[in-house]
Amino acid sequence: MLEAHYNHRFIEHKWQQIWREKLLYRVENETIAGKPKYYVLDMFPYPSGAGLHVGHPLGYIASDIFSRYKRLNGFNVLHPMGYDAFGLPAEQYAIQTGQHPAKTTEDNIKRYRKQLDRVGFSFDWTREVRTCDADYYQWTQWIFKQFFNHWYNSRSGKAEPIDNLVAIFEHEGNINVLHQGDEAPKFIAEEWLDFSVAKKEDILQKYRLAFRKKTTVNWCEELGTVLANEEVKDGVSERGGYPVVKKSMWQWFLRITAYADRLLKGLDTIDWSDSIKDMQRNWIGKSEGALVHFSIDGKTEKLPIFTTRPDTIFGATFMVLAPEHEWALTLPDADHKAEVKQYVEHALNRSERDRMSDVKHVTGVFTGRYCKHPFTGELIPIWIADYVLGGYGTGAVMAVPAHDSRDFAFAKQFNLPVIQVIEGSEPFDGSASYDAKEGRCIKSDFLNGLPVKEAIQKAIEAVEEKRIGSRQVNYRLRDAGFGRQRYWGEPIPILYVDDVPTPLADRDLPLELPEVSSYKPTGTGESPLAALDTWVETEDGNRETDTMPGWAGSSWYFLRYMDPENEDVLASREAISYWGQVDLYVGGAEHATGHLLYSRFWTKFLYDIGIVPFEEPFKKLVNQGMIQGVVESLYLKKEKVDGQSVFTCTSLLTPEKIEEEYTKIPILVDFVQDYEKTDSPSYLNLESLKLFVDWRPEFQNAVFECSNGTWQNGIFDPKAKSYEPKFFTVSEVGKMSKRWFNVVNPDDICEEYGADTLRLYEMFLGPLEDSKPWSISGIDGVYRFLRKFWKLFVDKNGNYIPDESTPSKESLKTLHATIKKISDDIERISFNTCVSTFMIAVNELSAQECKSKEILDSMLILLSPFAPHIAEELWEAGGHTNSIVLAQWPRFQEKYLVEDSKLYPVSINGKTRTQLEFPLDMPKEEMEKHVLADEVVVKWLEGKTPKKVIIVPGRIINLVV
RNA sequence: GCCCUGGUGGUGGAAUCGGUAGACACGCAGGACUUAAAAUCCUGUGACCAUUGCGGUCGUGCGGGUUCAAGUCCCGCCCGGGGUACCA
């Protein structure tokens with residue numbers, strides 16, 4: 001009945017089928033006989049056309065091991081999977097081929113599912129979600145509506161219904177309202193009641209958590225579309241490399257800034273890596289300082305600025321406004337108007353690329369106006385310069401060149417005075433600014449002698465006393481753009497009734513994505529939906545044609561898994577309170593400031609409006625590292641020689657030559673010899689060269705200058721009486737992607753070695769969180785381990801070995817040491833050491849010739865989270881009728897590990913010289929006697945008496961001479 | 001620049017609380033079985049010196065320090081990876 005040799009193909013196919021038929025991994029939303037719940041989640045994938053590569057399952061394998069482990073330990077485990085199915089690549093593909101994105105997405109999902117199934121995951125597929133299903137995005141739209149219908153009350157510190165706000169307005173205007181949002185003009189109740197509907201909405205927009213704002217977007221003329229920040233690299237479009245300029249447009253936003261402080265504070269309550277938390281902290285960028293109003297000479301308005309260094313106010317020698325500042329054009333005096341206008345226009349129209357490549361170049365223009373220094377009364381000039389950001393603070397700064405390097409560079413450029421007001425430990429020589437927040441104030445009147453920190457407080461107090469400013473906190477975080485001018489996304493459920501944005505009624509949700517004839521951008525900056533007049537125009541008004549960004553659906557998907565088929569709510573209250581927070585979330589660190597921040601934001605909002613009973617979605621987060629690939633490429637001469645392409649071997653090139661004359665052409669790694677070896681260079685031989693030109697026919701007649709001759713059209717002309725062509729390639733470590741032709745498909749590994757080997761091997765590669773290049777070398781070791789494991793159970797003739805014999809003391813010790821180590825290591829997500837532990841255990845049990853079923857069955861359970869197929873097969877062979885998934889994790893018993901003696905390392909001056917065995921209960925004094933009498937110790941003491949003898953019971957003995 | 005990481009044999013990595021550095025595996029070398037190969041099994045494998053047996057010296061990026069004892073803690077550097085970048 002059993003095969004004598006481990007046959008992964010048969011076993012894995014068999015069990016995957018049984019698991020599927022029996023719905024073995026299905027979970028119920030209820031406490032089964034007092035089982036506690038545990039929620040393990042993976043970041044769901046975007047189903048791209050390329051399929052999975054070996055890097056994708058890394059995190060899934062880890063979470064699967066953890067889920068199975070928790071299940072065996074008596075938890076009711078929710079471990080679902082789904083698809084983040086809206087997104088650009090499908091749309092891009094649709095534009096190129098005319099295929100509906102829904103169709104390609106469906107195809108890709110099928111392929112993903114097949115690949116995932118092959119790895120043997122324990123997902124509960126009955127709970128699958130897809131963000132592009134109307135049943136799903138109906139709730140994404142519903143949440144958007146809630147954002148629209150709420151505002152952030154700073155007094156209560158949470159989101160509240162907009163109707164409450166309107167009631168307040170009708171009662172007392174907005175005089176007493178404190179909110180997180182845009183500044184709104186003050187009005188009283190009577191005025192509010194008189195406002196037109198449009199005017200009211202204009203005001204409400206400054207409060208709503210989902211609102212519209214006119215902003216600059218990244219406009220790419222060539223692509224005829226607006227690009228997200230992520231799609232712009234170095235000032236040009238990531239795809240195609242076309243120039244990107246700024247364009248002003250109305251856009252939907254979510255007011256994440258209202259939650260900035262709570263997002264910051266919440267970080268202290270969750271178990272995430274420091275690096276991710278830090279990234280979020282930096283991204284939110286809280287800075288405390290002061291808002292100070294400087295009076296403008298000859299004007300009644302005051303210029304507000306934000307500074308974190310009010311202690312340096314006596315060193316302020318000029319003011320600077322951003323070119324985007326609302327006064328930039330109105331402030332300058334007559335003599336400077338024209339010049340300023342020219343500068344501002346130029347600065348605003350510069351493309352991203354110009355601005356980026358020009359960071360070093362300091363520019364600016366004087367307005368002809370002056371501010372009055374609030375303490376000295378001196379006049380200080382107001383400038384306009386693009387080094388000041390329009391969107392941060394008030395878009396204006398007081399420049400303190402002596403203590404801010406940016407102001408310093410500007411002062412040097414335009415010959416403005418530099419006044420030192422902080423004395424640090426180093427002398428100030430005027431060649432550079434002193435930016436450190438250390439030292440004491442000088443030349444600063446009432447601040448003199450104070451250390452920086454105290455001076456900041458005192459300066460703020462002084463400013464407040466003078467009623468020219470106040471303490472203020474600023475955040476770097478910006479409100480999140482929520483509209484995309486794209487087709488393949490959730491339609492925003494808004495109708496413009498007489499130009500007033502109005503959400504659809506709940507009964508009209510989902511607002512389904514209509515069919516369009518073309519997925520191409522309209523060229524006007526609107527989404528392809530805008531061309532569909534029949535859809536846009538309704539009886540009540542025109543529809544919003546923007547769709548939601550990719551992160552909309554993924555911001556709350558973890559809730560839908562709890563109750564995926566609910567038609568009345570996004571998930572029932574019972575389901576949400578039963579499953580609660582995600583206990584373990586596994587995914588890539590690249591989502592640090594995107595998905596992971598947005599999910600936290602949405603969760604906090606849903607908490608405020610009473611949908612979820614917790615503020616943080618993911619209790620513990622583990623970031624798996626990236627599995628990189630080897631990128632192989634060839635050097636091609638930029639210029640053809642005699643009309644022919646010429647490739648040159650790396651051994652014939654110098655770095656300068658490469659820089660000037662060559663470009664890199666990537667090659668399918670499979671063609672390259674030794675590409676996996678780190679110790680020898682990779683190269684192309686006769687066969688590889690043929691493969692390459694067949695693969696890239698445009699290089700059919702290319703010349704290959706090899707290290708030892710020239711190859712062309714299949715003919716090799718050796719330099720000397722040489723042997724075979726050898727053409728060395730460039731090897732780099734990079735992303736595994738279709739683009740670099742280095743994708744390793746998990747299916748191939750499953751076919752050759754099996755899913756169990758793939759699972760173990762991916763874990764064995766190293767710590768989960770580390771990035772590492774994929775290499776097949778070493779996989780044999782893991783495969784060999786499984787075969788050895790098999791041989792513990794099955795003899796040469798296919799007979800089942802284990803029997804009811806009494807386990808030996810040694811075997812019990814091996815088993816319990818293994819139980820302890822595996823349990824501990826799984827708990828701390830150290831799966832690579834688990835694999836080593838299994839190898840050690842199998843080596844030991846083999847040596848002991850262990851036949852005890854009791855021991856071996858326990859080993860099966862321990863291994864089952866890692867290699868479920870082989871474990872299930874051998875479990876069944878042992879006569880068990882229930883799946884091993886339903887077994888119980890073996891109980892660790894200390895008594896089998898207790899030793900009565902210990903082989904102590906004995907060191908002299910910290911260096912181990914010998915080993916001596918002593919009973920663990922021997923008193924220190926007696927041990928010391930034995931140690932001092934030892935031959936080796938005596939030799940090392942050279943007749944001297946040790947100064948000190950350190951004996952740490954159960955650990956070590958050290959003698960100091 | 002700033003923030004976060006990491007640096008250990010030929011390779012991937014282990015050492016969880018400061019207590020025998022290099023577990024486990026790959027690779028390599030030698031051997032057994034075999035007509036042969038594959039598979040399997042056994043032995044060795046940080047470097048250097050010694051090698052007849054012992055043994056010895058050095059060694060966790062570099063330089064200091066704390067300690068009976070440092071890969072692990074502290075100070076100062078060097079290098080790689082990731083994030084972020086005029087955020088006042």
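Here is the naming used below: chain letters follow the sequence lines, and residue numbers restart at 1 for every chain.
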Q: Classify the nucleic acid contact of A/Lys796 as base, sugar-phosphate or nothing, counting any heavy atom under 4.0 Å across all strands shown.
A: nothing
Q | Inter-nucleotide P distance (B/A21, B/C33), Å rounded | A | 40 Å
Q. Among A/Tyr753, A/Phe785, A/Trp774, which residue meets the ring-ring contact (aromatic ring centres under 6.0 Å, His included) test with A/Tyr761?
A. A/Trp774
Q) To the side chain of A/Asp274, which of B/G19, B/U5, B/C86 is closest? A) B/U5
Q: With sequence neighbours excluded, tell me which residues meet ring-ring contact (aromatic ring centres under 6.0 Å, His included) with A/Phe410.
A: A/Phe318, A/Trp383, A/Tyr387, A/Phe414
Q) Which of these, A/Asp825, A/Ile826, A/Asp824, sits in a side chain to side chain contact (heavy atoms under 4.5 Å, CB included) with A/Ile822? A) A/Ile826
Q: Figure out the CH2/P separation between A/Trp790 and B/A39, and round it to whole Å.
A: 20 Å
**Q.** N-O pairing of A/Arg281 and A/Asp268 below 4.0 Å
**A.** yes
(Q) The side chain of A/Ser836 is closest to which nucleotide in this list: B/U57, B/U20, B/A23? (A) B/A23
Q) Is the distance from OP1 or OP2 of B/A88 to the nearest side-chain N or O of A/Ser287 less than 4.0 Å? A) yes
Q | Side chain proximity check, A/Ile776 to A/Ile749, heavy atoms < 4.5 angstrom | A | yes
**Q.** Nearest listed nucleotide, side chain of A/Met839, among B/A15, B/G19, B/C24
**A.** B/C24
Q: With P as the reference atom in both, quote the distance from B/C54 to B/G65 in angstrom, rounded to an integer.
A: 37 Å
Q. Expressed in angstrom and rounded to an integer, what is the separation of A/Arg281 atom CZ from B/U5 atom P?
A. 11 Å
Q. Of the candidate nucleotides B/C4, B/A25, B/U20, which contains the atom at the shortest distance from the side chain of A/Ser275?
A. B/C4
Q.
Testing the 3.5 Å rule here: is there a donor-acceptor pair between the side chains of A/Asn958 and A/Lys948?
A. no
Q | N-glycosidic conformation, B/G6 - syn within 90 degrees of 0, else anti | A | anti
(Q) So if I take every side-chain heavy atom of A/Lys821 and compare against B/U20, B/U16, B/U84, which nucleotide ends up nearest? (A) B/U16
Q | A/Tyr475 OH - B/U84 P separation (whole Å) | A | 21 Å
Q) What integer number of Å spans the P atoms of B/G9 and B/G46? A) 13 Å
**Q.** Distance, rounded to the nearest Å, where A/Phe831 contributes CZ and B/A14 contributes P
**A.** 14 Å
Q | Nucleotide B/A69, atom C1' - distance to NZ of A/Lys947 in whole Å | A | 15 Å
**Q.** Nucleotide-level pairing of RNA chain B, given in dot-bracket where Watson-Crick and G-U pairs need both distances under 3.5 Å and | marks other strands
**A.** (((((((..(((......[....)))((((((.......))))))((((.....))))..(((((..]....))))))))))))....
**Q.** Touch class at under 4.0 angstrom, heavy-atom based, for A/Val960 against every strand present
**A.** sugar-phosphate
Q.
If the cut-off is 4.0 Å, is A/Arg787 near the phosphate of B/A39, judged by side-chain N/O to OP1 or OP2?
A. no
Q: For A/Thr308 and for A/Thr593, locate the closest nucleotide of RNA chain B by heavy-atom distance; then report the residue assigned to the nucleotide nearer the 5' terminus.
A: A/Thr593
Q) Would one find more than 12 heavy atoms of other residues, nucleotides or ligands at under 6.0 Å from atom NZ of A/Lys813? A) no
Q. If you draw a 6.0 Å radius around CD in A/Glu917, do more than 12 non-hydrogen atoms from other residues or ligands fall strictly inside?
A. yes
**Q.** Rounded distance in Å between the P positions of B/G71 and B/C58
**A.** 14 Å
**Q.** Nearest-nucleotide pick for A/Trp283, side chain only, options being B/C24, B/A88, B/U84
**A.** B/U84
Q) Given the P atoms of B/U60 and B/U20, what is the spacing between them in whole Å? A) 16 Å
Q | side-chain N/O A/Trp940 vs B/G56 OP1/OP2, d < 4.0 Å | A | yes
Q) For B/A14, does OP1 or OP2 lie under 4.0 Å from any side-chain N or O of A/Asn832? A) yes
Q) Is any side-chain nitrogen or oxygen of A/Tyr904 closer than 4.0 Å to OP1 or OP2 of B/U20? A) no
**Q.** Interatomic distance where CG belongs to A/Leu303 and C1' belongs to B/A88 [whole Å]
**A.** 13 Å
Q) Among the nucleotides B/C68, B/A21, B/C86, which one has an atom lying closest to any side-chain atom of A/Thr912? A) B/A21
Q) Taking the same atom, P, in B/G64 and in B/G59, what whole-Å distance lies between them? A) 11 Å
Q | Separation of atom OH in A/Tyr761 from atom P in B/C24, rounded to whole Å | A | 18 Å
Q: Could you pick out which residue, A/Ile276 or A/Asp825, lies toward the 5' side of RNA chain B when each is mapped onto its nearest nucleotide?
A: A/Ile276
Q. Below 3.5 Å, does any donor atom in the side chain of A/Asp278 face an acceptor in the base of B/C4, or the other way round?
A. no
(Q) When the P atoms of B/C4 and B/G19 are compared, how many Å lie between them, rounded to an integer? (A) 26 Å
Q) So which heavy atom on A/Ala459 is nearest to which on A/Leu447, and how close? A) N-CD2, 4.0 Å
Q: Please state the C1' separation for the pair B/G30 and B/G13 - nearest whole angstrom.
A: 26 Å
Q. Think A/Asn843 has a side-chain N or O under 4.0 angstrom from the OP1 or OP2 of B/A25?
A. yes
Q: Could you tell me whether A/Asn282 contacts a base, only the sugar-phosphate backbone, or nothing, with contacts defined as non-hydrogen atoms closer than 4.0 Å?
A: sugar-phosphate
Q) Is A/Lys911 near enough to B/C58 that one of its side-chain N or O atoms lies under 4.0 angstrom from OP1 or OP2? A) yes
(Q) Within a 6.0 Å radius of atom CD on A/Glu827, are there more than 12 heavy atoms belonging to other residues, nucleotides or ligands? (A) yes
Q. In this structure, are over 12 heavy atoms from other groups packed under 6.0 Å from A/Glu438 atom CD?
A. no
Q) Just to confirm, is there a sub-4.0 Å distance from OP1 or OP2 of B/A88 to any side-chain nitrogen or oxygen of A/Arg476? A) no
Q. Contact class for A/Ile840 vs. all strands (heavy atom < 4.0 Å): base, sugar-phosphate, or nothing?
A. sugar-phosphate
